[in-house]
Amino acid sequence: MTPWWKNAVIYQIYPKSFQDSNGDGIGDLNGIINRLDYLQKLGIDAIWLSPIYQSPGVDNGYDISDYQAIDPQYGTMADLDRLIAEAKKRNIRIIMDLVVNHTSDQHQWFIEARKSKNNPKRDFYIWRDPINRHEPNDLTSNFSGSAWQYDQTTGQYYLHFFAPEQPDLNWQNPELRQKIYEMMTFWLDKGIGGFRMDVIELIGKEPDRKIGANGPKLHPYLQEMNQKVLANRDIMTVGETWSADLETVTKYSDPARHELSMVFQFEDQQVDQQPGKEKWDLAPYRPAALKKILLKWQTQLDYRHAWNSLFWENHDLPRVISRWGSDTTYRVQSAKMFAIALHLMRGTPYIYNGEEIGMTNYPVKDITEVADLESINMYHDRLQKGYSKQELLKAINAKGRDNARRPMQWSDRLQAGFTSGEPWLKVNPNYQQINVQAALADPNSIFYTYQKLIRLRHENEIVVTGSFKPLTTSADVLAYYRELGDQRWLIVANLSENKAQFTAPDQLKQVLLSNYCAPQTLQALTLKPYEAFAAIVN
Ligand SMILES: OC[C@H]1O[C@H](OC[C@H]2O[C@H](OC[C@H]3O[C@H](O)[C@H](O)[C@@H](O)[C@@H]3O)[C@H](O)[C@@H](O)[C@@H]2O)[C@H](O)[C@@H](O)[C@@H]1O
């Protein structure tokens, strides 16, 4: 039987920016509850909730100080229980973010661990002696600088692959693993629908051999976790795996291996960065390069023994239309094109809040407008290395994480209907044109394209289990067939702002969805900028 999560569309909510219900400028759980009817109208099956646990907020909740408490800025445990129950009434499951590569330095485990070398919690974290009065090695943090932080009290360094306030957990310690499994069981017993696992590829790290991702114990740990916590529950799991390739995705998601349901792999996210460099080292975007990667994952992953996720955006990535489409002249067309191109592929689609109404990046003019520590650290680090302010702001505007973390645009009222107070991060000034209220009132809006795509997936087995076959086209046009039994669908997407010629050897039976007028034929078509359609053919 096909598991529910292969047939599902998942909506990611960044709680801090979704809907404020009490006027403090910060989104909260009651705000999400108030918007469940909207999500039901969209048609999604599950919500992935970015972290709402107790946290000092150095990394907006990805630095957890208590895994079993709700951060007061988001509400209470009773609010979360109500969210789970209200969502369930609407057939929506709640997927919780699981951040177990690291904790906050304010977590009780770390407070204990740093007290002394023989503290019972010391080994929950990774400590090393200085070498020649310096860091144990040259491992670097994802948030700039060394991955080692010197701790005065005991004269040792601890490992942090993210901020110094996010010390890495030591998964080699069996007691630590047991504590994590108990915590996961606590959440599953509440009736949640599963977990999104933050940077899960790092838990098998071996820092002395300078191994971060894909350490030798990674898969054994995931199998142990599966056996102790996940097995025999009707849930889904998705791992965040930046370094995943075809082989490792299969390892994670082959049902016979009992690890995860699927992972997020990010190969396409690297098309506009210089090879071997960081995401801030911008390279020109070429639609043909994106197409090649998308097709590779559709044709070379064996979906009988693996599963993939489909996404353009998340809380770490820029808005897709600002990045690879158009956020001006062809905003609506390019947003619909990206939706059509992705949602009819094999895999489980994810929508990041605001993507369904075509929200855009927010232009920052000065570093003082930036809240995200990754961007701020990179800026100061690179300024010291001689980069100009101008090129650093260009990189932040292109790739910075605040772009997609701006408040959700609900209406043309003050603060876009997000809050009655002062929002924690400024609202995008385009909210008077781009907002949910306007989208719902316009039958041709991006919202209704997403709604239709979700319905097509739910109502047509071909979208979930049909085979995938690419059609050879001009460089910037992505075209593919989905086939099941005697059914055949053709999906065509012009990834570029240039017109393109297109011909298919098929007869058009019925156009299911398009972002311009429906085509009348499949022969000698001139595709308009970002034109896309899906059709039944024979
Ligand atoms: O909990 C800490 C963060 O964990 C998640 O995101 C991880 C980071 O993923 C990217 O950085 C990893 C790099 O991976 C590869 O080396 C790529 O080649 C690089 O281009 C990537 O930069 C993002 O760039 C970071 O922004 C992420 O932090 C959560 O999703 C984050 O929100 C947490 O902050």
Side-chain angles (χ1 to χ4, degrees), residues 12-17 48-53 55-65 67 95-107 110 139-145 147 159-169 195-203 205 210-214 238-245 248 263-283 285 293 309 311 313-319 323 350 352-353 370-379 381-382 395-396 398-405 425:
Q12 183 191 354
I13 289 182
Y14 197 63
K16 198 169 181 180
S17 302
W48 151 25
L49 209 54
S50 276
I52 41 87
Y53 313 99
S55 161
V58 168
D59 189 17
N60 281 351
Y62 284 91
D63 49 321
I64 297 169
S65 54
Y67 286 111
I95 312 293
M96 301 290 281
D97 219 310
L98 184 78
V99 188
V100 291
N101 172 66
H102 45 269
T103 66
S104 160
D105 64 347
Q106 300 306 307
H107 194 291
F110 192 72
L139 278 175
T140 55
S141 154
N142 280 303
F143 291 161
S144 304
L159 183 76
H160 61 91
F161 274 132
F162 295 90
E165 296 87 349
Q166 293 168 294
D168 274 52
L169 286 165
F195 294 108
R196 173 268 183 187
M197 301 188 183
D198 191 62
V199 289
I200 201 68
E201 64 185 353
L202 297 179
I203 62 172
K205 65 189 77 88
K210 296 205 234 173
I211 296 175
N214 304 314
V238 52
E240 187 199 26
T241 57
W242 273 84
S243 66
D245 56 17
T248 51
V263 295
F264 294 124
Q265 56 76 21
F266 294 86
E267 187 175 353
D268 58 350
Q269 296 295 329
Q270 289 156 42
V271 288
D272 49 5
Q273 96 186 33
Q274 294 169 35
K277 298 234 183 139
E278 295 181 20
K279 71 181 189 184
W280 310 109
D281 300 301
L282 308 180
Y285 161 66
I293 297 170
S309 49
F311 64 98
E313 298 182 1
N314 70 27
H315 64 293
D316 294 331
L317 302 171
R319 294 292 184 180
R323 184 179 189 181
Y350 290 72
Y352 177 70
N353 56 203
V370 177
D372 172 39
L373 86 167
E374 182 187 45
S375 297
I376 295 172
N377 288 356
M378 178 283 291
Y379 180 87
D381 188 50
R382 289 195 171 198
I396 289 172
K399 298 277 185 72
R401 305 197 299 181
D402 282 353
N403 276 312
R405 296 180 180 186
L425 200 57

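Each ligand, and each atom within it, is numbered from 1 in the order the structure gives.
No close placement of the Y62 and F162 rings is indicated, their centers lying 6.0 Å or farther apart.
Interface atoms of ligand 1 facing F143, defined by a heavy-atom separation under 4.0 Å, are 28 (O), 34 (O). Taking a cut-off of under 4.0 Å to the non-hydrogen atoms of D59, the atoms of ligand 1 that pass are 1 (O), 2 (C), 3 (C), 33 (C), 34 (O). Residue R405 approaches ligand 1 through these ligand atoms, each under 4.0 Å from one of its heavy atoms: 32 (O). Close contacts between ligand 1 and H315 involve ligand atoms 29 (C), 30 (O), 31 (C), 32 (O) [criterion: under 4.0 Å to a heavy atom]. Remark: ligand 1 atoms within the under-4.0 Å shell around heavy atoms of H102 are 1 (O), 2 (C).
The residue from E374, E278, K277, Q269 that puts a heavy atom closest to atom 25 (C) of ligand 1 is E374. Closest to atom 13 (C) of ligand 1 by heavy atom, among L317, D97, N142, V99, is N142. Closest heavy-atom approach to atom 23 (C) of ligand 1 within the set Y62, F162, W242: this belongs to W242. The nearest non-hydrogen atom to atom 18 (O) of ligand 1, considering only Q273, R196, K279, M378, comes from Q273.
Nearest to atom 6 (O) of ligand 1 among the protein's heavy atoms is E240 OE2, 3.0 Å. In terms of protein heavy-atom proximity, atom 5 (C) of ligand 1 is closest to D198 OD1, 2.9 Å. Scanning the protein heavy atoms around atom 30 (O) of ligand 1, the nearest turns out to be D316 OD2, 2.5 Å. The closest protein non-hydrogen atom to atom 28 (O) of ligand 1 is R401 NH1, 2.8 Å.
If you run ring-ring contact (aromatic ring centres under 6.0 Å, His included) between F311 and each of Y350, F266, W48, only F266 comes through. Checking D105, N142, N101, D59 one by one against Q166, the side-chain hydrogen bond (donor to acceptor under 3.5 Å, both in side chains) holds for a single residue, D59.
For atom 9 (O) of ligand 1, a protein heavy-atom neighbour is present inside the 4.0 Å cut-off.
Applying the side chain to side chain donor-acceptor pair (under 3.5 Å) rule to Q269 yields the partners R323; only residues at least two apart in sequence or on another chain are considered. Residues passing the ring-ring contact (aromatic ring centres under 6.0 Å, His included) test with H160: none are found, sequence neighbours excluded.
Salt bridge R196/D198: present, at least one basic N to carboxylate O contact under 4.0 Å. Ion pair D316/R405 flagged as a salt bridge, since at least one NZ, NE, NH1 or NH2 atom sits closer than 4.0 Å to an Asp/Glu carboxylate oxygen.
In terms of heavy atoms, G212 sits closest to L202 at C-CD2, 3.7 Å. The two residues E201 and W242 make their nearest non-hydrogen contact at OE2-N, 3.0 Å.
For F161, the heavy-atom gap to ligand 1 stays at 4.0 angstrom or more.
For the residue pair N214 and S243, a side-chain donor N or O sits within less than 3.5 Å of a side-chain acceptor on the partner.
Contacts between F266 and ligand 1, counted as non-hydrogen atom pairs separated by less than 4.0 Å, are absent for every part of the residue.
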